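We count residues from 1, following the sequence as given. Keep in mind that what you see is a predicted model, and the values were worked out from it rather than measured. Whatever order the structure lists them in is the order used to number ligands and atoms, beginning at 1.
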Amino acid sequence: MFKLSICCLQLLITCVCVISQDVEKPNIVFIMADDLGWDDVSFHGSDQIMTPNIDVIAYQGVMLQQYYTDTQGTPTRSALFTGKYPMRLGTQSDSISATEDRGIPITERLLPEYLKELGYETHLVGKWHVGKSRAHYLPTNRGFDTFYGFLDGAVDYYTYNLVETCNGSSFYGLNMYENLEPIEDLNGHLTEVLTDRAVSLIRNHTSTAPLYLHVSHAAPHAGGGLVSLQPPVETIAEQSHIAHTARRLYAGLVSSLDKSVGHIVAALAEKEILKNTLIVFVSDNGAAGLSQNFGSNLPLRGLKSTPWEGAARAVAVVWHPTISHRISNAIFHVTDWFPTLITAAGGNPSNKIDGLDQWATIIKAEQPKRNDVLITIDDLNGWAAFREGDFKIIVGNVTKEKSKYHGKELMALKHDVLPYETVLLESEACLVFKETLDLPLNIEEVYEQRNSSKLAGSDDIPEEVVCFPTFVKGCLFNVTRDPLEAYDLWHAKMDIVRRMSLRLRSLWTEMYPRPTLRGDPRADPAKQNYVWFSWVPNDEEMYEPRKPVPPFPLQVSRDELQYVVDINLNTFRDKLQDYIKNMGESFLKSVGGLFNF
Ligand SMILES: *[C@@H]1O[C@H](CO)[C@@H](O)[C@H](O)[C@H]1NC(C)=O
Ligand SMILES: *[C@@H]1O[C@H](CO)[C@@H](O)[C@H](O)[C@H]1NC(C)=O
Ligand SMILES: *[C@@H]1O[C@H](CO)[C@@H](O)[C@H](O)[C@H]1NC(C)=O
Ligand SMILES: *[C@@H]1O[C@H](CO)[C@@H](O)[C@H](O)[C@H]1NC(C)=O
Ligand SMILES: *[C@@H]1O[C@H](CO)[C@@H](O)[C@H](O)[C@H]1NC(C)=O
């Protein structure tokens with residue numbers, strides 16, 4: 001009897017503990033923009049496109065000023081959901097095409113699967129783009145309880161159709177689904193349709209399970225049909241101060257995205273769960289620029305799908321009620337969300353990933369965990385970039401047309417805009433934070449934060465770029481001092497170059513080579529009433545002829561060889577010890593990688 005009651009008591013305690021732990025698990029609302037440029041949010045200092053709702057989250061939360069993504073959509077999303085560098089999974093380089101049989105390998109368990117296991121309700125609203133050719137790649141087979149959105153890179157904002165060329169013909173069809181069913185009877189602008197869904201999910205959330213709501217917007221990516229820029233029509237007049245026609249349309253897309261953030265925050269408040277919600281707002285990569293969406297990454301260099309900061313250093317803010325607001329210069333990589341969110345959800349992240357758990361860095365401003373990051377390995381295009389401490393190295397043959405300071409011509413104003421603080425104070429998010437959480441904005445502080453978010457050198461954008469990498473010489477920048485990648489230090493810092501190129505060489509040898517794009521005519525939606533579907537049976541063998549790892553896009557210099565020899569022979573004991581201590585296994589691999597090549 002006695003024993004039994006202790007046991008009961010223990011059970012009760014365990015039970016109570018479990019319940020109280022569950023209660024403390026934060027809801028996670030992860031909002032991702034598509035191809036939003038560094039200069040296309042007003043908290044980074046520009047008065048041209050106003051994003052007051054996003055800005056409020058930035059001022060009340062943490063601005064991640066050194067947040068790295070990959071350089072395109074599929075690799076970034078793959079990194080987010082797996083915690084691994086895309087080059088390990090064959091998801092690097094150009095994004096998945098709608099007629100391509102490729103996805104995150106099903107041997108990977110994705111973030112929503114882990115969160116589900118930790119008791120979360122998991123919902124994906126919007127873009128997927130990490131595999132749809134086979135049913136087992138689809139979001140509801142990979143951890144999402146529900147899915148409402150599109151499976152490929154982009155859709156038309158009004159018809160939700162996607163057009164792609166395959167083997168010389170144009171394939172087109174509907175690409176919008178609720179779970180596995182195409183949605184044929186939809187009306188409205190895509191950003192608003194997705195926002196309504198997100199708001200509805202929040203309002204309907206009645207269970208005690210915590211919520212993981214992943215809102216993956218199409219905006220401000222160019223439309224996936226044949227028309228490029230499609231903002232909601234009523235947002236266009238609001239942007240009449242912008243002189244450049246296409247930029248004005250783009251600004252409308254950004255502005256409706258910003259309003260979406262406001263509506264989501266308001267819905268969380270109305271539901272009384274804002275006080276226990278973690279909100280993340282990030283872009284998947286930088287803007288694609290003039291030829292596509294007319295976004296701007298200034299003062300950063302380069303466009304989407306290049307190794308420059310303009311492509312890979314993205315807008316990122318995170319908010320949680322216990323955070324004291326600040327600007328963070330911690331190096332943060334998109335793979336870090338995986339372990340960070342698992343920790344936030346009360347789980348234990350695996351250590352066999354590339355992502356680092358930065359929960360304590362975000363919540364308690366603890367010492368950042370990350371000192372280096374593989375920014376990109378792109379074997380299809382032939383370049384790579386790696387950051388260590390202050391320095392960033394870039395090697396390969398990079399498309400020159402996308403490597404400049406793009407977008408100055410987009411900035412012209414026709415007339416004055418409303419004062420920033422008026423726009424900010426009248427925003428939905430500002431009112432909600434003030435009224436629901438008693439967190440009013442302090443305008444003086446806001447201006448200070450806004451000033452501090454400006455990047456070094458941004459008032460002095462160079463006319464010309466100085467360094468283009470070649471196969472015999474890359475570029476090296478101190479991106480702490482020089483985020484604009486304007487001052488090449490390759491020759492001045494040979495020791496750093498040798499060390500970092502060796503590490504990058506070693507990472508390069510770890511890649512799973514990317515299959516070359518091979519469109520499959522069987523994907524043609526015309527065969528299925530003009531709806532895109534999975535078309536390859538799960539058990540059909542993958543067409544993946546084994547490819548050798550292509551050569552590293554930088555010749556081995558005598559200097560580099562000498563360096564390895566020196567380390568091995570002359571100062572064998574001390575230096576090797578030192579390096580092994582600092583770099584561990586990756587140093588040994590570096591040396592191995594060098595001789596493999
Ligand atoms: C591609 O198009 C050509 C010409 O229309 C056709 O002969 C060929 O069979 C097509 N390829 C595939 C894989 O369907
Ligand atoms: C929310 O609940 C309403 C009323 O039951 C329902 O019509 C709507 O479809 C639900 N929304 C979602 C996203 O499930
Ligand atoms: C570098 O790439 C460009 C295309 O972007 C190509 O025209 C050029 O030949 C390449 N250079 C070398 C050395 O391969
Ligand atoms: C922000 O910077 C501008 C110019 O760079 C300066 O005039 C202004 O006083 C600064 N404001 C604050 C609050 O630091
Ligand atoms: C890089 O620049 C920063 C900022 O100016 C400076 O503090 C740092 O010493 C530089 N790093 C190195 C290793 O020179």
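- Here the CG-OH distance, from Leu341 to Tyr114, works out to 14.0 Å after rounding to the nearest 0.5 Å.
- Of the protein's heavy atoms, Arg481 NH2, 3.8 Å lies nearest to atom 6 (C) of ligand 5.
- Protein heavy atom nearest atom 9 (O) of ligand 5, with residue, atom name and distance: Asp390 OD2, 4.3 Å.
- Side-chain N/O atoms of His217 and Thr191 include no donor and acceptor closer than 3.5 Å.
- Here the heavy atom of the protein found nearest to atom 11 (N) of ligand 2 is Ser200 OG, 2.7 Å.
- Near Asn204, with a cut-off below 4.0 Å to any heavy atom, the atoms of ligand 2 are 1 (C), 2 (O), 3 (C), 8 (C), 10 (C), 11 (N), 12 (C), 14 (O).
- In the vicinity of Arg197, heavy-atom distances shorter than 4.0 Å reach the ligand 2 atoms 13 (C).
- A salt bridge between Asp379 and Arg514 is absent, with no side-chain N of the basic residue lying under 4.0 Å from a carboxylate O of the acidic one.
- Test Thr159, Asp156, Leu162, Leu194 against Met176 for side chain to side chain contact (heavy atoms under 4.5 Å, CB included) and you get one pass: Leu194.
- Remark: Asp336 engages Arg370 in a salt bridge, criterion side-chain N to carboxylate O under 4.0 Å.
- Within a 4.0 Å radius of atom 4 (C) of ligand 2, the protein contributes no non-hydrogen atoms.
- A side-chain donor-acceptor contact under 3.5 Å links Asp258 and Asn53.
- Heavy-atom contacts of Phe471 reach the following atoms of ligand 3: 12 (C), 13 (C), 14 (O) (cutoff under 4.0 Å).
- Among protein heavy atoms, the minimum distance from atom 10 (C) of ligand 3 is reached at Asn397 ND2, 2.4 Å.
- Checking only distances, Thr399 never comes within under 3.5 Å of ligand 3, N or O to N or O.
- Among protein heavy atoms, atom 2 (O) of ligand 5 sits closest to Asn478 ND2, 2.4 Å.
- Atom 13 (C) of ligand 5 has Phe391 CE1, 3.3 Å as its closest protein atom, hydrogens excluded (heavy atom only).
- Taking a cutoff of 4.0 Å between a charged side-chain nitrogen and a carboxylate oxygen, Glu428 and Lys259 do not qualify as a salt bridge.
- A donor-acceptor contact shorter than 3.5 Å links the side chain of Gln65 to the backbone of Ser453.
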